[in-house]
There are 4 protein chains.
Amino acid sequence: MPEKQARLLSAALDLFVEKGFHGTTIPEIARRAGVATGTVYLYFDGKERLVNEVLARVKGGLAGRLAREVPRGADIRAQFEAIWEVFTSFALANERALAFCDLHNHAPYVAPETLAVWEPARTLLDDHFRRGAAAGVYRPLPPALLRALVAGALFGVHKFSRAGELAFSREVLDQAREGAWAAVAAPPVTASAPTSVGRSPT
Amino acid sequence: MPEKQARLLSAALDLFVEKGFHGTTIPEIARRAGVATGTVYLYFDGKERLVNEVLARVKGGLAGRLAREVPRGADIRAQFEAIWEVFTSFALANERALAFCDLHNHAPYVAPETLAVWEPARTLLDDHFRRGAAAGVYRPLPPALLRALVAGALFGVHKFSRAGELAFSREVLDQAREGAWAAVAAPPVTASAPTSVGRSPT
Amino acid sequence: MPEKQARLLSAALDLFVEKGFHGTTIPEIARRAGVATGTVYLYFDGKERLVNEVLARVKGGLAGRLAREVPRGADIRAQFEAIWEVFTSFALANERALAFCDLHNHAPYVAPETLAVWEPARTLLDDHFRRGAAAGVYRPLPPALLRALVAGALFGVHKFSRAGELAFSREVLDQAREGAWAAVAAPPVTASAPTSVGRSPT
Amino acid sequence: MPEKQARLLSAALDLFVEKGFHGTTIPEIARRAGVATGTVYLYFDGKERLVNEVLARVKGGLAGRLAREVPRGADIRAQFEAIWEVFTSFALANERALAFCDLHNHAPYVAPETLAVWEPARTLLDDHFRRGAAAGVYRPLPPALLRALVAGALFGVHKFSRAGELAFSREVLDQAREGAWAAVAAPPVTASAPTSVGRSPT
DNA sequence: AATGAATGAGAATTCATTCAT
DNA sequence: GATGAATGAATTCTCATTCAT
């Protein structure tokens with residue numbers, strides 16, 4: 001990829017996160033990338049195409065790493081740790097990219113093709129959680145809900161750290177991992193489930 | 001409050017959630033509220049003032065309910081349930097409002113005064129989690145991290161439901177509550193810490 | 001005339017002078033007059049009608065005073081003094097009104113009918129200067145030029161006083177009168193054309 | 001200076017004179033300059049900045065010519081003629097510019113920096129009239145009043161010519177010069193002050 | 001008569017996009 | 001390929017005018 005294109009993608013990512021899609025101007029992106037306004041149109045068909053390109057690369061990169069780094073067929077806990085590790089290292093490597101995923105998910109300017117690059121990852125995660133629930137390792141909940149809880153833990157930490165209430169460090173993310181696991185793991189049946197709230201799941 | 005002002009606030013909330021701040025136009029808001037464009041400026045000093053007004057009302061309403069409905073000094077679990085219930089019923093009553101809180105939190109157009117209305121709630125929640133951690137009911141983590149985990153559970157469910165992957169119903173939210181509690185609750189010490197993942201926290 | 005109408009005319013005069021026609025808003029005029037916006041339309045057909053009304057009253061008042069206070073058929077110098085006195089006392093009584101005449105003379109929003117109210121005064125002044133020139137009291141110049149010189153003296157003093165460079169007082173206006181008279185008076189013929197500029201009068 | 005910028009300045013000058021600041025629209029200026037609306041903002045920060053730029057150029061040009069063309073230390077009469085000649089040729093070269101100076105002098109949108117470009121000219125003129133009064137060539141009046149009388153003669157002629165009552169020609173301006181000189185020159189003391197009006201200045 | 005909330009056309013300004021160089 | 005001046009449609013905001021009370 002030409003270097004200017006890469007710089008444009010990076011500048012666009014930053015600015016879209018900071019100011020939103022409609023709040024970011026093309027000349028602004030060009031300036032941050034150190035190129036002329038017109039150059040943006042050499043590499044991208046327009047602003048909408050640009051944001052989709054950014055999103056596709058970010059999501060595609062994450063999906064690819066999940067596909068490569070999560071061991072198929074491994075035991076649930078090992079897979080969980082691999083999944084979490086992929087998200088963690090991705091988030092730590094580029095905080096902006098995570099925020100981008102968070103914010104630009106279902107906006108009107110996001111094309112279906114862009115969302116499609118996430119499909120393999122969605123399937124992978126769904127399979128993981130479905131298998132875990134079936135095995136009794138996870139709570140007997142729909143996989144989407146289990147995913148929502150784990151993703152929520154990650155995004156929650158990320159959001160709070162962006163608000164300045166939390167450091168965004170590996171240490172914090174490791175602690176969050178414990179919470180995320182507990183959120184989805186089937187409670188131990190041995191003891192009288194003392195920490196359960198409300199109706200006990202007996 | 002004049003009826004037109006209320007309709008404008010509601011229309012603005014909806015549209016800002018759907019299309020973002022910069023992606024929403026004033027005539028659009030006016031049209032949805034059933035008033036003329038100029039009328040918007042009769043009630044709000046400008047677009048920026050309007051979005052702040054919406055955010056302040058939403059956050060203020062939620063903060064107020066927390067202040068009124070969370071029993072001071074009650075036991076941690078009861079407080080947790082009250083907190084969750086406030087968020088749940090708020091989110092169910094106005095799904096848009098929760099999305100609004102999620103999206104428009106630290107944008108450049110949000111004034112510090114607007115964020116200030118959330119301060120009492122932040123304090124209340126911090127106190128709760130600090131107390132719970134001190135009592136050994138919660139994991140020994142910074143209150144902000146505990147808050148992030150619980151908030152993450154809620155926002156995660158909400159986000160997935162907006163993506164169409166999950167229903168946004170009381171039933172789902174009740175299930176999420178179990179997960180949220182488990183995420184922050186101190187693991188039972190009796191058994192050999194079976195829920196711990198990776199390094200044991202010993 | 002209803003008191004509100006009078007207050008509106010006065011407020012309009014002030015504001016049009018301060019900020020120009022297009023720079024003044026109807027609600028602003030109403031506020032300064034202490035009435036509601038809608039009331040303006042009870043007394044005037046619109047903004048354009050209002051400015052014409054103001055101009056007609058100011059010019060008409062001045063024209064009327066000239067007609068009444070300048071003695072017909074008197075000697076030129078006496079008439080000159082009467083004319084100057086009318087302008088002086090008018091200007092001192094309402095500085096704003098003079099500025100109004102100065103600024104709003106040939107703007108696109110001034111109707112021909114409005115300008116027509118000045119006709120009698122123009123005729124009166126023209127007759128005066130024509131007569132004075134014919135009698136050899138004034139320089140042998142077109143009456144319009146003589147008028148321009150006298151009016152220029154008055155407006156010059158007024159403009160400089162509005163700029164803060166000069167007091168706008170009877171004393172200053174009296175001194176200006178000497179200059180205005182000298183500007184138009186035929187130079188004494190005794191010496192060899194001593195008032196000519198350029199060639200030395202020696 | 002780019003040609004488009006020059007055309008914009010010229011178009012703006014014309015239109016501001018014709019219709020006033022608030023009565024002139026930006027698209028109108030652009031159209032007269034033969035450029036697109038947006039182009040105006042390429043060269044000027046906004047309408048207010050534009051009018052100040054026009055005023056500064058006009059006043060600066062005139063002030064520059066005065067500084068260059070009025071001989072320092074020359075005799076009063078020669079200086080007077082030089083001053084009048086600068087104003088005359090300036091006014092004849094660009095009638096609109098003189099009207100612009102006349103109208104847009106102390107409006108709320110004129111920045112102090114803009115007025116500051118006239119300072120050197122003000123000082124030059126003030127020195128001239130102070131010196132002339134001290135030498136007994138001019139009437140013993142404040143320099144500002146002498147300036148007002150001379151400027152009044154010029155502006156008076158100009159205003160009447162804009163009203164269609166007078167041609168705006170070198171011939172008329174030459175005649176006005178005689179009047180302007182007489183307005184400020186000390187009256188000849190030899191004869192019994194026959195041109196004095198009212199109280200004799202003895 | 002008087003009000004002032006409501007209107008919507010019109011103004012200033014911005015910015016995605018193009019294109020001559 | 002690269003540029004950035006130029007464009008004009010779209011946006012925010014204003015304000016003359018109306019009209020129900």
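Keep in mind that the numbers below use all heavy atoms, side chains included, and drop hydrogens, waters and symmetry copies. Below, chains carry the letters A, B, ... as their sequence lines are ordered, and counting in each starts from 1.
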* Asked: How many Å lie between CZ on B/F21 and C1' on F/dT11, as a whole number?
  -> 12 Å
* Kindly write out the residues that satisfy ring pair (Phe, Tyr, Trp, His ring centres under 6.0 Å) with D/F16, not counting sequence neighbours, or none if the list is empty. => D/F21
* **F/dA2 OP1/OP2 closer than 4.0 Å to side-chain N/O of A/K4** => yes
* Cut-off 3.5 Å, side chains only: do C/H22 and C/Y109 have a donor facing an acceptor? -> no
* If we only count heavy atoms from C-beta on, is the D/E48 to D/E53 side-chain gap below 4.5 Å? -> no
* Provide, to the nearest angstrom, the distance between the CD atom belonging to A/Q5 and the P atom belonging to F/dG1. => 10 Å
* To do: Can you sort out which residues in residues 31-43 of chain B have a heavy atom within less than 4.0 Å of DNA chain E? Ascending by number, please.
  => B/V35, B/A36, B/G38, B/T39, B/L42, B/Y43
* Asked: Should the ring pair C/F100 and C/H104 be called parallel, tilted or perpendicular, given that the plane angle runs from 0 to 90° and is split at 30 and 60?
  -> parallel
* **Rounded distance (Å) that lies between atom P of E/dT13 and atom CZ of D/R49** => 13 Å
* Structure fact -> In whole angstroms, the gap separating C1' of E/dA11 from CG of D/L15 amounts to 15 Å
* To do: Could you check how far CD1 of B/I26 sits from C1' of E/dA11, rounded to whole Å?
  => 16 Å
* **Under 3.5 Å: donor-acceptor pair, side chain of B/K47, backbone of B/T24** => yes
* **Separation between CG of B/L55 and CG of B/L9, rounded to the nearest 0.5 Å** => 11.5 Å
* Asked: Atom CZ of D/F44 to atom C1' of E/dT14: distance rounded to whole Å?
  -> 18 Å
* **Short side-chain donor-acceptor distance under 3.5 Å, A/N105 and A/K59** => yes
* Asked: Hey, is the side chain of A/K47 poking within less than 4.0 Å of OP1 or OP2 on E/dT17, counting only N and O atoms?
  -> no
* To do: Could you tell me which nucleotide pairs with F/dA20 by Watson-Crick or G-U wobble geometry, both distances under 3.5 Å, or answer none if nothing does?
  => E/dT3
* Structure fact -> Of B/G46 and C/E48, the one whose closest nucleotide on DNA chain F sits nearer the 5' end is B/G46
* Asked: Which whole-number value in Å describes the distance from C/E28 CD to F/dT17 C1'?
  -> 17 Å
* Structure fact -> Between CD1 of D/I29 and P of E/dA12 the distance, given in whole Å, is 8 Å
* To do: Mind checking D/P27 for me? I need base, sugar-phosphate or nothing, with any heavy atom below 4.0 Å counting as a touch.
  => sugar-phosphate
